[in-house]
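Lettering of chains follows the sequences in order, A, B, ..., and the numbering in each one begins at 1.
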Number of protein chains: 2
Amino acid sequence: MTAALRLVDAEGLEALTRRRLGEELGRDAMALYRHAPDREALLDGIVELVLEELDAEADEQDWQSQLRRGARSFRRLALAHPNVVPVLVTRPLLMPLGRRPAGTLRPLETLLRLLTASGFDPSTALHCYRLYVGFLYGHVINELQATAVEPDETDDLLRLGLHRLPAREFPLLRSVAGELAGYDGEAELEMGLDVLLSGFEQRLRGGG
Amino acid sequence: MTAALRLVDAEGLEALTRRRLGEELGRDAMALYRHAPDREALLDGIVELVLEELDAEADEQDWQSQLRRGARSFRRLALAHPNVVPVLVTRPLLMPLGRRPAGTLRPLETLLRLLTASGFDPSTALHCYRLYVGFLYGHVINELQATAVEPDETDDLLRLGLHRLPAREFPLLRSVAGELAGYDGEAELEMGLDVLLSGFEQRLRGGG
DNA sequence: GGTGTCCGTCTACGGTGTAGATCTACGTTC
DNA sequence: GAACGTAGATCTACACCGTAGACGGACACC
């Protein structure tokens, strides 16, 4: 399983094939069948493995600090395994909640405990959890977005390939090329957290 | 291309194969090659086609109402084509911005115009755009998440398959089963928009 | 020693994307 | 009207994929 993750990290998702993985392990491709009945199961295993790196243990800090810490940890993990992100983010769509590996459900339980212990009632805690992970998914997708098409080029417009867009139709998009090139994922995560957490707090104080 | 979308809508993503699509069109599988050089290109085409349904034209309303309208439109479109969502959300990760079909870039340009026309400077407009679409991606992933494992069952805990989780380890998750079952995507979208837009407004008033 | 149970291996099948050659039909040009 | 160029459709073939089912060996236990 860790070998599968290594393979995906090194060569991308489409390199994760039974024969290729078997070769990597010095075993026959069919041997893996004993451990993972499906290709789906392989993907699930990888996701679970990656999610174990998530630092979501409760500590002494207030809930806002803990959510921030979790978010940074998630971002770090996504940056460490960019090739896994597509399936990480897509997995919930294909696998019913009740069948998901326990490892992927644990962060949910942990956050529910944190929020309810901090005064949220279970219902809004769930809403906040959803908003929170939805935001994290969205952020990671944004940050890992492929932008450069000609990495060697020095001019931003050319490097991003935006020069091919008709100037008449996309004036603003072309004008923010520099901004796009200088994207700072960490800052953007914090900005999003500011918005989100202040919204949560307002809701906690009885706003909703 | 519209046939490809119809096929994916009806039978899921994995049904989208050259031979299958050719059969659907009464043509040979290889004929499609003239129109789409890649399977990737097919997926891109579908995404572009779906995104054309997005209602993001400028109108007379203030920017907040317009963002709300766009968000509702995006949600509606995702619900109409649930099978497309995985690739819709994942596409930016695999395709550099400069190579994306113009149709998928137009909403970005439109929103940049809306925001800058409303007083945002280009840099924060871009930040807000990213937060906004990130939020939308996250929301539809949440809403389209597969939950039911035993749809016929009437008891929530059993229907979601949560009864198999150890009660010791997942007490809270099990306790919100009813809440999970009664998920209201529209309400959650509006709640998220409340949080997001008030955050944007604060930033517009010079808060950031 | 017998036996059952893992675990790994082999062979085989259907399905997939795609390359390359070939065939077909139609608009253009003489 | 005839010849031709070309775009589009089709055929054949290849490598690769996931997976089913039969087979073989190692090992623990009775």
Side-chain angles (χ1 to χ4, degrees), chain A residues 1-50 81 83-96 99-101 104 146, chain B residues 1-50 81 83-96 99-101 146 149:
Chain A
M1 202 78 271
T2 78
L5 176 56
R6 228 179 322 123
L7 184 57
V8 171
D9 279 341
E11 310 193 22
L13 263 181
E14 67 284 357
L16 180 69
T17 150
R18 276 216 138 72
R19 303 188 218 276
R20 186 82 184 63
L21 184 54
E23 179 183 334
E24 205 77 9
L25 290 170
R27 305 246 170 296
D28 187 278
M30 295 304 286
L32 309 173
Y33 240 125
R34 308 286 170 182
H35 308 292
D38 252 336
R39 182 172 197 275
E40 301 278 286
L42 275 181
L43 295 177
D44 277 329
I46 291 183
V47 167
E48 190 176 13
L49 193 59
V50 168
H81 308 282
N83 292 335
V84 182
V85 168
V87 9
L88 174 68
V89 150
T90 272
R91 216 64 208 125
L93 295 173
L94 311 173
M95 165 94 32
R99 290 203 201 290
R100 300 222 257 275
T104 69
Chain B
M1 202 77 274
T2 77
L5 176 56
R6 225 177 327 121
L7 184 58
V8 171
D9 279 341
E11 311 194 21
L13 264 180
E14 68 284 355
L16 180 70
T17 150
R18 274 215 140 73
R19 306 196 215 284
R20 186 81 183 67
L21 183 54
E23 178 184 335
E24 205 76 11
L25 290 170
R27 304 248 167 297
D28 188 277
M30 295 305 286
L32 309 174
Y33 240 123
R34 305 289 166 180
H35 310 291
D38 253 335
R39 191 182 131 84
E40 302 277 288
L42 275 182
L43 295 177
D44 277 329
I46 291 184
V47 167
E48 190 175 12
L49 193 59
V50 167
H81 308 282
N83 293 334
V84 182
V85 167
V87 10
L88 173 70
V89 149
T90 272
R91 216 66 207 124
L93 295 172
L94 311 173
M95 165 92 35
R99 288 203 202 291
R100 301 221 257 274
V149 10

In this structure, how many angstroms lie between the [atom2] atom of [N] and the [atom1] atom of [X], rounded?
X	N	atom1	atom2	value
B:R19	C:dG14	CZ	P	14 Å
B:L16	C:dG15	CG	C1'	14 Å
B:E23	D:dA9	CD	C1'	17 Å
A:E14	C:dT16	CD	C1'	15 Å
A:L13	D:dG18	CG	P	12 Å
A:H35	C:dC6	NE2	C1'	10 Å
B:R20	C:dG17	CZ	P	12 Å
B:E40	C:dT16	CD	P	17 Å

Give a yes/no answer on whether the side chain of [X] brings an N or O atom under 4.0 Å of OP1 or OP2 in [N].
X	N	result
B:R18	C:dT18	yes
A:Y33	C:dT9	no
B:T17	C:dG15	no

Under 3.5 Å: donor-acceptor pair, side chain of A:R100, backbone of A:M95: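 Checked: pair present.
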
Could you check which of [options] has an atom nearest any side-chain atom of [X]?
X	options	result
B:D38	C:dT18, C:dG17, C:dG8	C:dT18
B:D28	D:dC11, D:dT19, C:dT18	D:dC11
B:R27	D:dT10, D:dT19, C:dT18	D:dT10
A:A31	C:dG8, C:dA19, D:dT19	C:dG8

Criterion salt bridge (charged side-chain N to carboxylate O under 4.0 Å, His left out) on A:E24 and A:R20, from CA distance to verdict: CA-CA 6 Å; A:E24 205 77 9; A:R20 186 82 184 63; 2.8 Å; yes

Position toward the 5' end of DNA chain C (nearest nucleotide), B:P37 or B:R34: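 By nearest-heavy-atom nucleotide position, the 5'-most residue is B:P37.
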
Intermediate values then yes/no, salt bridge (charged side-chain N to carboxylate O under 4.0 Å, His left out), A:E40 and A:R91: CA-CA 9 Å; A:E40 301 278 286; A:R91 216 64 208 125; 3.1 Å; yes

Side chain to side chain contact (heavy atoms under 4.5 Å, CB included) between A:L42 and A:M1, intermediate numbers included: CA-CA 7 Å; A:L42 275 181; A:M1 202 78 271; 3.7 Å; yes

Heavy-atom closest contact (B:L13 atom, B:R39 atom, distance): O-NH2, 4.5 Å

Position toward the 5' end of DNA chain D (nearest nucleotide), B:M30 or A:A29: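 Looking at the nearest nucleotide for each, B:M30 comes out on the 5' side.
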
